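Here the structure is laid out as structure tokens; the discussion comes afterwards.
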There are 2 protein chains.
Amino acid sequence: MEKSVLGVEKRKSVAVPEPAIRRMPSYLTLLRQLRNDGLEYISAPRLAVHLDIDPTQVVKDLAYTGATGRPRIGYVVADLIEILEEFLGFNRKHEAFIIGVGFLGSALIQYQGFREAGMKIVAAFDTDKKKIGTDIAGVPVFDLAKFRDLAGRLHITIGIITTPAASAQQIADLMVGWGIKAIWNFAPVSLKVPSHVIVQNTHIYSNLAVILNKLEQLKKAE
Amino acid sequence: MEKSVLGVEKRKSVAVPEPAIRRMPSYLTLLRQLRNDGLEYISAPRLAVHLDIDPTQVVKDLAYTGATGRPRIGYVVADLIEILEEFLGFNRKHEAFIIGVGFLGSALIQYQGFREAGMKIVAAFDTDKKKIGTDIAGVPVFDLAKFRDLAGRLHITIGIITTPAASAQQIADLMVGWGIKAIWNFAPVSLKVPSHVIVQNTHIYSNLAVILNKLEQLKKAE
DNA sequence: ATTTAATAAAGAAAAATATCTTTATTAAAT
DNA sequence: ATTTAATAAAGATATTTTTCTTTATTAAAT
Ligand SMILES: NC(=O)c1ccc[n+]([C@@H]2O[C@H](COP(=O)([O-])OP(=O)(O)OC[C@H]3O[C@@H](n4cnc5c(N)ncnc54)[C@H](O)[C@@H]3O)[C@@H](O)[C@H]2O)c1
Ligand SMILES: NC(=O)c1ccc[n+]([C@@H]2O[C@H](COP(=O)([O-])OP(=O)(O)OC[C@H]3O[C@@H](n4cnc5c(N)ncnc54)[C@H](O)[C@@H]3O)[C@@H](O)[C@H]2O)c1
């Protein structure tokens, strides 16, 4: 919060650092597990040991959510879970559709873990005649040609791309045309979209590159 | 490079920033595509436009690989591809095995794209009797009980974990016991391993959290 | 041949992020 | 009741990463 020249409160977009956002689901997952184990309180230093990160970073990350702990005791596990779920939006419903029902697309559709984050894939699209009309874990696979039709009726903000890289851009264009708010892209390409559309890339090669680089450093150090 | 007190060159581990490493596969993927389109030269500013990143960052990233460009011309596409492949290790062979042949594990086994990065999954392990003995795209699925046996004979440095979160730690312990160098973990848990073992987490919830957070910010801005 | 404009490369500055330090709080131990 | 030790919280510092600025290079234009 910041005072403007006129003395009126101006809501400064106190953006939480992305690295902190990325760590938060780990806190939540661990806390849920600890709760199931019957734990009532947990301190930041102990969370830090569990997750192998700096204890002050845990405190700072949790502070972003508004959570407060008590010295000598720590945080109330149940409360912290609720606060994190609320902060991350994992306690709300997020509907998504997915385009490209291949190996990865099918895996994502059948992934039970998205429930824990409030996300639900409600429809799938493909161009393959053999897949169109089928059903994967209750999620119907539609003809991509009917996308605009259907997508317009459903009010969905998240579109997932799991087509080959070659068709990813045209799929993105399609999504943008329909008015999608966020695109989760698993194809190894950089999508060009208008600035108001959120794009989150999950590029598998980046992770592999980090692994190979660390292996190389390890080798050099020997 | 740094001079030591004795005047002898000390190879300071000039670690390339991880963010740079993570961007490099994107350069490579794009360059391969441009080469296929017949392009001979490409400048950093044009690469930057393609990938929507800062042009000086492109130059800096590429400089880490040792690549040099010429003013007014840019980089030689073919050369740059080779340099990047060499730098990332994508032109070498990296054998891996995978534990957990469920939806995600199967998708990874069947993923053709790993070839582009030199990685090959040579064996899979599971505890499910129905899966043991089968074959996925030429990759045999073994009984996990025989893991130690087989893993010892194959000389593999990378282990991929795609089991449910609940069993991930015990799988990691198993891998460590065998002497694995790097673990690529897709289960949403923090693994505890000795410091000499590389762990790369690919946590799906982190990506989702970023998307939901950005959607929330978008909503607030309205 | 000379000028111009694009660009790589190196360096400086800024921004973002992580870590360290200090202070205050508080539950448990004495 | 007092002391002690653990810890949250806030602040300061350090590190990392990105962006900006300057300089030098060079192919193309004049
Ligand atoms: N398989 C993996 O584990 C994995 C991992 C990381 C990233 N990826 C990426 O995810 C994407 C999909 O990979 P995959 O292994 O599932 O491939 P896949 O070939 O199994 O699946 C692709 C699917 O997309 C469909 N498709 C193709 N063109 C389409 C279009 N224009 N519109 C709609 N559907 C279309 C195909 O019919 C197919 O069902 C690729 O970009 C890949 O690089 C895959
Ligand atoms: N499906 C996805 O798209 C997706 C995406 C991101 C992350 N993940 C994560 O990847 C992991 C696997 O997800 P999934 O959807 O493929 O689950 P899944 O249930 O389809 O597959 C899990 C597999 O692991 C095997 N398994 C269980 N315990 C084992 C053990 N102790 N040793 C060896 N094998 C064992 C099971 O038999 C099964 O084949 C989970 O941790 C999940 O959170 C999945």
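Every chain is numbered from 1, with letters handed out A, B, ... down the list of sequences. Computed from a prediction, not measured in an experiment: that's the story for all the values here.
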Rounded to whole angstroms, how far apart are [atom1] on [X] and [atom2] on [N]?
X: Leu62(A); N: dA18(C); atom1: CG; atom2: C1'; result: 15 Å
X: Lys60(A); N: dC20(C); atom1: NZ; atom2: P; result: 12 Å
X: Tyr27(B); N: dA8(C); atom1: OH; atom2: C1'; result: 14 Å
X: Asp54(A); N: dT21(C); atom1: CG; atom2: P; result: 11 Å
X: Arg22(B); N: dT16(D); atom1: CZ; atom2: C1'; result: 16 Å
X: Arg70(A); N: dA27(C); atom1: CZ; atom2: P; result: 5 Å
X: Asp61(A); N: dA9(D); atom1: CG; atom2: C1'; result: 14 Å
X: Leu47(A); N: dT7(D); atom1: CG; atom2: P; result: 11 Å

*Say whether Asp61(A) and Gln57(A), considering side chains only, have a donor N or O and an acceptor N or O under 3.5 Å apart.*
no
*For Ile73(A) and for Pro45(B), find the nucleotide of DNA chain C with the closest heavy atom, then tell me which residue's nucleotide is more 5'.*
Pro45(B)
*So what does Arg23(A) hit on the nucleic acid, given a heavy-atom distance under 4.0 Å: a base, only sugar-phosphate, or nothing?*
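Sugar-phosphate, backbone atoms only, no base.
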*Looking across every strand, which nucleic acid part, if any, lies under 4.0 Å from Thr56(B) by heavy atom: base, sugar-phosphate, or nothing?*
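Here Thr56(B) touches the bases of the nucleic acid.
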*asked:* Between Glu85(A) and Arg92(A) (salt bridge meaning N to carboxylate O under 4.0 Å), is one present in this structure?
replied: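 Between Arg92(A) and Glu85(A) there is no salt bridge, as every charged N stays at least 4.0 Å from the carboxylate O atoms.
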*Base paired to dA15(C) (Watson-Crick or G-U; both N/O distances under 3.5 angstrom)*: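 When the pairing criteria are applied, dT16(D) turns out to be the nucleotide that pairs with dA15(C).
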*Does dT26(C) have a Watson-Crick or wobble mate here (both distances under 3.5 Å), and if so which one?*
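When the pairing criteria are applied, dA5(D) turns out to be the nucleotide that pairs with dT26(C).
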*Scan Val139(B), Thr162(B), Val101(B) and name whichever one has a side chain to side chain contact (heavy atoms under 4.5 Å, CB included) with Ser106(B).*
Val101(B)
_No-H, no-angle donor-acceptor pair, Arg72(A) side chain to dA5(D) base, under 3.5 Å_ = yes
*Measure the shortest side-chain to side-chain distance between Leu88(A) and Leu212(B) over non-hydrogen atoms and say whether it is less than 4.5 angstrom.*
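Counting from C-beta outward, Leu88(A) and Leu212(B) never come under 4.5 Å.
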_Any side-chain N or O of Tyr41(A) below 4.0 angstrom from OP1/OP2 of dT26(C)?_
no
*asked:* Parallel, tilted or perpendicular: which one describes the rings of Tyr205(B) and Tyr111(A), with boundaries at 30° and 60°?
replied: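 If you compare the ring of Tyr205(B) with that of Tyr111(A), the planes turn out tilted.
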*Which nucleotide in the list dT7(D), dT17(C), dA9(D) gets nearest to the side chain of Val59(A)?*
dA9(D)
